[in-house]
Amino acid sequence: MRIGQSVDIHQLVEGRKLILGGVEIEHNKGLLGHSDADVLLHVIIEAIIGAMGLGDIGKHFPDTSSEYKGISSMLLLEYTYQLMKENGYQIGNVDSLILIERPKMAPHIQTMRENIARALHCDVNQVNVKATRGEGLGFIGQELGVQAQAVVLLESIRR
């Protein structure tokens, strides 16, 4: 078994879509980034890469590469699954957290879990997504950005 964890932050800006967990969410601001800036998927990807001891998300999907400009982070998660499979691992579980003031995440969490489970070829019960607010405090509470955190457990498929 291998454990990986990650934290990521993206700025909220006007003129961008808000995409979290592969779900486009109606909001007046979206996340700034080189790809679609799906901060939730980014932390899950990086936690998986870290659990395998293979660096970080920037090593595999550099934000200086035009290949990844505007790319769906769902595709990056699918590429990460292939990397995980090639290295002899499968998901044990994913536990993740979105820190965002608005909008409410509850209506979208089940779809996020399903999207993540589908990309990682695991059961939806192996994927947990939680959300909390900043209660008006800091960059989250002031709606300047969104933070996400994830911990993953990988299991070896080589026996």
Side-chain angles (χ1 to χ4, degrees), residues 2-100 103 105-131 145-157:
R2 305 283 299 250
I3 297 171
Q5 65 88 34
S6 183
V7 174
D8 195 11
I9 299 166
H10 282 262
Q11 183 180 359
L12 277 166
V13 296
E14 293 183 11
R16 293 272 303 196
K17 293 178 181 179
L18 179 61
I19 301 171
L20 293 166
V23 178
E24 187 174 330
I25 300 169
E26 186 68 34
H27 194 53
N28 62 329
K29 292 182 179 178
L31 296 173
L32 184 62
H34 186 68
S35 65
D36 64 4
D38 187 328
V39 68
L40 176 61
L41 296 186
H42 290 182
V43 294
I44 293 170
I45 291 166
E46 188 160 78
I48 292 168
I49 291 169
M52 293 186 292
L54 298 176
D56 61 21
I57 192 170
K59 178 179 177 182
H60 295 269
F61 311 110
D63 64 4
T64 54
S65 172
S66 60
E67 179 181 0
Y68 302 115
K69 178 80 172 148
I71 195 169
S72 166
S73 294
M74 285 301 300
L75 289 175
L76 301 180
L77 186 61
E78 291 169 7
Y79 296 156
T80 303
Y81 167 76
Q82 291 302 323
L83 183 65
M84 186 177 65
K85 185 176 169 185
E86 289 166 9
N87 280 275
Y89 292 100
Q90 65 186 8
I91 291 294
N93 75 297
V94 173
D95 190 26
S96 61
L97 173 65
I98 305 165
L99 293 97
I100 186 169
M105 293 292 106
H108 310 288
I109 285 179
Q110 184 60 29
T111 304
M112 292 176 190
R113 292 177 64 217
E114 291 166 359
N115 288 345
I116 295 162
R118 187 171 39 258
L120 295 176
H121 300 262
C122 66
D123 190 273
V124 71
N125 292 324
Q126 293 171 276
V127 177
N128 193 42
V129 176
K130 305 176 296 278
V146 177
Q147 180 175 327
Q149 303 172 359
V151 176
V152 301
L153 175 68
L154 300 185
E155 299 173 339
S156 176
I157 54 177

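In this chain, numbering begins with 1 at the start of the sequence shown. All values below come from the heavy atoms of this structure, side chains included, with hydrogens, waters and symmetry mates left out.
- Side-chain atoms of Ile48 and Tyr89, non-hydrogen and from C-beta on, never get closer than 4.5 Å to each other.
- To the nearest 0.5 Å, the span separating CD1 on Ile19 from NE2 on His27 amounts to 13.5 Å.
- Proximity of Leu31 to Leu20: side-chain heavy atoms (C-beta onward) are separated by under 4.5 Å at one or more points.
- Listed here is the closest heavy atom pair of Ala51 and Gly4: CB-N, 3.5 Å.
- In terms of heavy atoms, Leu77 sits closest to Ala119 at CD2-CB, 3.6 Å.
- In terms of heavy atoms, Ala37 sits closest to Arg16 at CB-NH2, 3.7 Å.
- One finds the NE2 atom of His34 at 7.0 Å from the OG atom of Ser66 (value rounded to the nearest 0.5 Å).
- Taken to the nearest 0.5 Å, the CD1 atom of Ile49 stands 7.5 Å off from the CG atom of Leu54.
- In this structure the side chain of Gln110 reaches within 4.5 angstrom of the side chain of Val124, judged on heavy atoms.
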Go through the steps for Arg113 and Val129 under the test side-chain contact (heavy atoms from CB on, under 4.5 Å), then give the verdict. CA-CA 7 Å; Arg113 292 177 64 217; Val129 176; 3.9 Å; yes
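- A donor-acceptor contact shorter than 3.5 Å is absent between the side chain of His60 and the backbone of Gly55.
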Would you check, one step at a time, whether the test side-chain contact (heavy atoms from CB on, under 4.5 Å) holds for Ile45 with Phe61? CA-CA 10 Å; Ile45 291 166; Phe61 311 110; 3.9 Å; yes
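- For the pair Glu46 (side chain) and Ile57 (backbone), a donor-acceptor distance under 3.5 Å is present.
- When the shell of 6.0 Å around CD1 of Ile3 is examined, it contains 12 or fewer heavy atoms from other residues, nucleotides or ligands.
- Residues His108 and Ile25 come closest through the heavy atom pair NE2-CG2, 3.6 Å.
- No side-chain heavy atom of Glu26 sits under 4.5 Å from any side-chain heavy atom of Pro103.
- Ile71 and Glu67 make their closest contact through CD1-O, 4.4 Å (heavy atoms, listed as atom of the first residue, atom of the second, distance).
- Between the side chains of Glu86 and Gln82, no donor-acceptor pair of N or O atoms lies under 3.5 Å.
- When side chains are defined from C-beta on, Lys59 counts as touching Asp56, because their heavy atoms get closer than 4.5 Å.
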Apply side-chain contact (heavy atoms from CB on, under 4.5 Å) to the pair Asn115 and Val23, showing each step before the final yes or no. CA-CA 8 Å; Asn115 288 345; Val23 178; 3.6 Å; yes
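- In summary, of the residues considered (Ile44, Leu153, Val152, Asn128), a side chain to side chain contact (heavy atoms under 4.5 Å, CB included) with Asp95 occurs for Asn128 alone.
- How far CG of Leu12 is from CG of Asn28: 8.5 Å, rounded to the nearest 0.5 Å.
- The two atoms that bring Val43 and Ser6 nearest to each other are O-CB, 3.4 Å, heavy atoms only.
- Asp38 places a side-chain N or O within donor-acceptor distance of the main-chain N or O of Gly22, the cut-off being under 3.5 Å.
- Here the side chains of Ser96 and Met112 are not in contact, with every heavy-atom distance at 4.5 Å or above.
- Under a 3.5 Å cut-off, the side chain of Gln126 and the backbone N or O of Gly92 do form a donor-acceptor pair.
- A heavy-atom distance below 4.5 Å is not found between the side chains of Met52 and Arg2.
- Atom CG in Asp8 sits 10.5 Å away from atom CG in Leu40 (nearest 0.5 Å).
- Put simply, the side chain of His10 does not reach to within 4.5 Å of the side chain of Leu32, judged on heavy atoms.
- Atom CG of Asn87 and atom NZ of Lys85 lie 12.5 Å apart (nearest 0.5 Å).
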